[in-house]
Amino acid sequence: MLDMQLVRNDLDTVAQRLATRGFMLDTQALAQLEAERKRLQTHTQQLQAQRNSSAKTIGAAKARGEDVAPLLAEVAELGSSLTAAESALATLQEKLQALLWQMPNLPHASVPVGASEEDNIEVSRVGTPRAMDFIVRDHVDVGQPLGLDFEAAAKLSGARFTVLRGQLARLHRALAQFMLDTHTLQHGYTELYVPYLVNDASLYGTGQLPKFEEDQFYVQRAGMERLCLIPTAEVPVTNLVRDEIVLREHLPLKFVAHTPCFRSEAGAYGRDVRGMIRQHQFDKVELVQMVEPQDSYDALEQLTGHAEAILQALELPYRKMALCTRDMGFSSAKTYDLEVWLPAQQAYREISSCSNFEAFQARRMQARFRNAQGKTELLHTLNGSGLAVGRTLVAVLENYQQADGSVTIPDVLRPYMTGLTQITTSN
RNA sequence: GGAGAGGUGGCAGAGUGGUUGAAUGUACCUGACUCGAAAUCAGGCGUAGGCGCAAGUCUAUCGAGGGUUCGAAUCCCUCCCUCUCCGCCA
């Protein structure tokens, strides 16, 4: 959520910056609503002040044992006009609030302005795709003989689910373990285990609501608040600081969590239908940081580097993209995507997204810290995938495939696989 | 599933219709005492918003929403959440 103060005072600049990401702010309508709000609020507060002072007068008179009838007559009219003013103000403020909830974050000055992913800028490219002197198969063809089973998953749940068997399931687990160990032991993150079902307030906090309700999976409970399957660990982890005032000496907070993620992928029909690139359920190791405002862009570089370290350790070729204004997520001020090389597609595909949200989420969550002056100030929040486990498995299958149909296990994963060096149909 | 208790300021904890934005304790800040610290004493200390150059002033806020009332933390209704005990269960 943007700072209403800023939106008010700098309406045209805000509108221009939002326009670069494709959000058209009706400044005239907003200015008009704002003016009306101001008028109504002043009016309402005057009436409230009047009510309060007469109530006190009446109370005092009663205490002295005087007749209060004439005083009561004086305020007879006040009630109804106050009720009317209050409800008019409430309606208007709801309208303004709804508008504010739906406005995306302002892009940082360093974000390239662009219309689509075509305008994303390649920041760096690491690793060289391996030369393969045989017909390169995609992860589906490589994986199916080794235990990747979409038919079984379809029977159980439908499209966009996966069953993994045997060493493939184990490799999947090894990947997650390796990522967690790296981030906790080498990058200083605290591991968390968190709920996979969260309430609406949490989804508002990180920005999934109110705009992206149709992307979520909801669980209804009779007589209880509905809960939502988390689309990413970002939601439960970031919301840990919701309504909290963090001590400055505890900053930065750095958390890592391995969770499944659930996405309905509404509107993605026909995209990546083959394989396990785009699933309703996938695992992800998520990095989250809460930092002081002046540190957040350094933190973004570091956090992105932590995700890159996994790709480097796995010796997977990738590139780092600075997303352009139009391609960034709703809540983000700046995002780097890490894209891994998929030889079958002869393309780099997203495997991690690292973002600085500045105070956008913190304002929604009222997540604050006490600054050096002892005043409460909004935190800056960041997160990034480190990495998407399912897609990492895809990348390993494709990049480590051999002519004979086996898959070599990357060196760093072997300790997690009791020394196994390759996956074949026979193991 | 059954029975009960409860949601008040950073924390603890009073308050059951009238100058209560809220006692008290604690934490924190400032000052006094001290060579310094501890202890003690005095003062300050929530959040959000409106108006104002400012000093200031006004409004809202005691889980959420609605109701009663001139006036609600306090009474009534609905909902949400937490805790305890019993049962069942991974």
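Naming convention: chains lettered A, B, ... in sequence-line order (proteins, then strands); numbering from 1 in each chain. Only a predicted model underlies this, so the values are computations on that prediction, with no experimental measurement involved.
Listed by first and then second residue, the salt bridge (charged side-chain N to carboxylate O under 4.0 Å, His left out) pairs involving residues 2-21 of chain A are Arg8(A)-Glu34(A) (not counting sequence neighbours). Listed by first and then second residue, the salt bridge (charged side-chain N to carboxylate O under 4.0 Å, His left out) pairs that reach into residues 182-205 of chain A are Asp200(A)-Arg226(A), sequence neighbours excluded. Evaluation of the salt bridge (charged side-chain N to carboxylate O under 4.0 Å, His left out) test over residues 44-54 of chain A, restricted to residues two or more places apart or in two chains, returns none. Pairs engaging residues 211-252 of chain A under the ring-ring contact (aromatic ring centres under 6.0 Å, His included) rule: Phe212(A)-Phe330(A), Phe217(A)-His280(A) [sequence neighbours left out]. Annotation: ring-ring contact (aromatic ring centres under 6.0 Å, His included) contacts involving residues 366-397 of chain A, sequence neighbours excluded, are absent. Applying the salt bridge (charged side-chain N to carboxylate O under 4.0 Å, His left out) definition to pairs two or more places apart or across chains, those involving residues 349-363 of chain A are Asp272(A)-Arg349(A).
Atom CD of Glu377(A) and atom P of rA48(B) are 12 Å apart (whole Å). Protein atom CZ of Arg242(A) is 17 Å distant from nucleotide atom C1' of rU47(B), rounded to whole Å. Rounded to an integer number of Å, the gap from Leu40(A) CG to rG49(B) P is 19 Å. Following rounding to the nearest Å, Leu78(A) (CG) and rU59(B) (P) show an atom-to-atom distance of 12 Å. Between the CD1 atom of Ile245(A) and the P atom of rG9(B) there is a distance of 11 Å, rounded to whole Å. Here rG49(B) presents its P atom at 18 Å from CD of Glu94(A), a figure rounded to the nearest Å. Distance, Asp243(A) CG to rU8(B) P: 13 Å, rounded to whole Å. When rounded to the nearest whole Å, the span between CD of Gln93(A) and C1' of rG49(B) equals 9 Å.
Taking the C1' atom of each, rU47(B) and rC62(B) are spaced 13 Å apart, rounded to whole Å. As rounded to the nearest Å, rU68(B) and rG52(B) have P atoms that lie 35 Å from one another. Of the P atoms belonging to rG44(B) and rG25(B), the separation is 13 Å, rounded to the nearest Å. For rA60(B) and rA55(B), the P atoms lie 22 Å apart once the distance is rounded to whole Å. rA64(B) sits 15 Å from rU8(B) when the C1' atoms are compared, rounded to a whole Å. Comparing the C1' positions of rA27(B) and rG9(B) gives a spacing of 12 Å, expressed to the nearest Å. Here, rC75(B) and rG18(B) have their C1' atoms 15 Å apart, quoted to the whole Å. For the P atom pair drawn from rA22(B) and rC45(B), the interatomic distance equals 11 Å after rounding to whole Å.
Nucleic acid contact for Ala60(A): none, since no nucleic acid atom lies under 4.0 Å from a heavy atom of the residue. Residue Arg368(A) is classed as a sugar-phosphate contact, given heavy-atom separations below 4.0 Å to backbone atoms only.
Side-chain polar atoms of Ser202(A) and Arg242(A) form a donor-acceptor pair below 3.5 angstrom. Side-chain atoms of Ser353(A) and Asp337(A) include a donor-acceptor pair closer than 3.5 Å. When only modelled atom types and interatomic distance are considered, Thr381(A) and Arg364(A) share no side-chain donor-acceptor pair under 3.5 Å. Counting only N and O atoms by type, the side chains of Tyr336(A) and Glu301(A) include a donor and acceptor under 3.5 Å apart.
With the nearest nucleotide of RNA chain B identified for both Arg221(A) and Gln48(A), Gln48(A) has the one nearer the 5' end.
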Got a list of protein N/O to nucleotides 51-53 of chain B N/O distances below 3.5 Å?
unit_1  : atom_1 : unit_2   : atom_2 : d
rC51(B) : OP1    : Lys38(A) : NZ     : 2.8

Under 3.5 Å, which N/O atoms of the protein pair with N/O atoms of nucleotides 25-29 of chain B?
none

Dump the pairs, protein N or O against N or O of nucleotides 65-74 of chain B, anything under 3.5 Å, distances to one decimal.
unit_1  : atom_1 : unit_2   : atom_2 : d
rC70(B) : N4     : Lys62(A) : NZ     : 3.3

Run the numbers on Leu251(A) and Leu379(A) for side chain to side chain contact (heavy atoms under 4.5 Å, CB included), then give the verdict. CA-CA 10 Å; Leu251(A) 297 175; Leu379(A) 289 164; 3.7 Å; yes
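Distance CD/Gln302(A) to CD/Glu308(A): 12.5 Å, rounded to 0.5 Å. Expressed to the nearest 0.5 Å, how far CD of Gln41(A) lies from CD of Gln45(A) amounts to 4.5 Å.
Among Glu398(A), Gln401(A), Gln144(A), the one residue that satisfies the side chain to side chain contact (heavy atoms under 4.5 Å, CB included) test with His139(A) is Glu398(A). Of the options Leu197(A), Ile230(A), Val288(A), a side chain to side chain contact (heavy atoms under 4.5 Å, CB included) to Pro236(A) is made by Ile230(A) and by none of the others.
Listed in residue order, the members of residues 4-12 of chain A having a heavy atom less than 4.0 Å from RNA chain B are Gln5(A), Arg8(A).
Taking the six-membered ring where tryptophan is involved, the planes of His183(A) and His187(A) are tilted, since the angle between them lies from 30° to 60°.
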How does RNA chain B look in dot-bracket notation if pairs are Watson-Crick or G-U with both distances under 3.5 Å, crossing ones as [ ], other-strand ones as |? ((((((((.[[[..)..(.....]]].(((((.......))))).((((((....)))))).[[[[[..)....]]]]])))))))....
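Nearest heavy atom pair, residue Phe161(A) against residue Gln279(A), reads C-OE1, 3.2 Å.
Under the ring pair (Phe, Tyr, Trp, His ring centres under 6.0 Å) criterion, His258(A) pairs with no residue, sequence neighbours left out.
In this model, the phosphate group of rC58(B) is not approached by any side-chain N or O of Asn52(A) to a distance below 4.0 Å at OP1 or OP2.
Nearest nucleotide to the side chain of Glu225(A), out of rA60(B), rG49(B), rC81(B): rC81(B).
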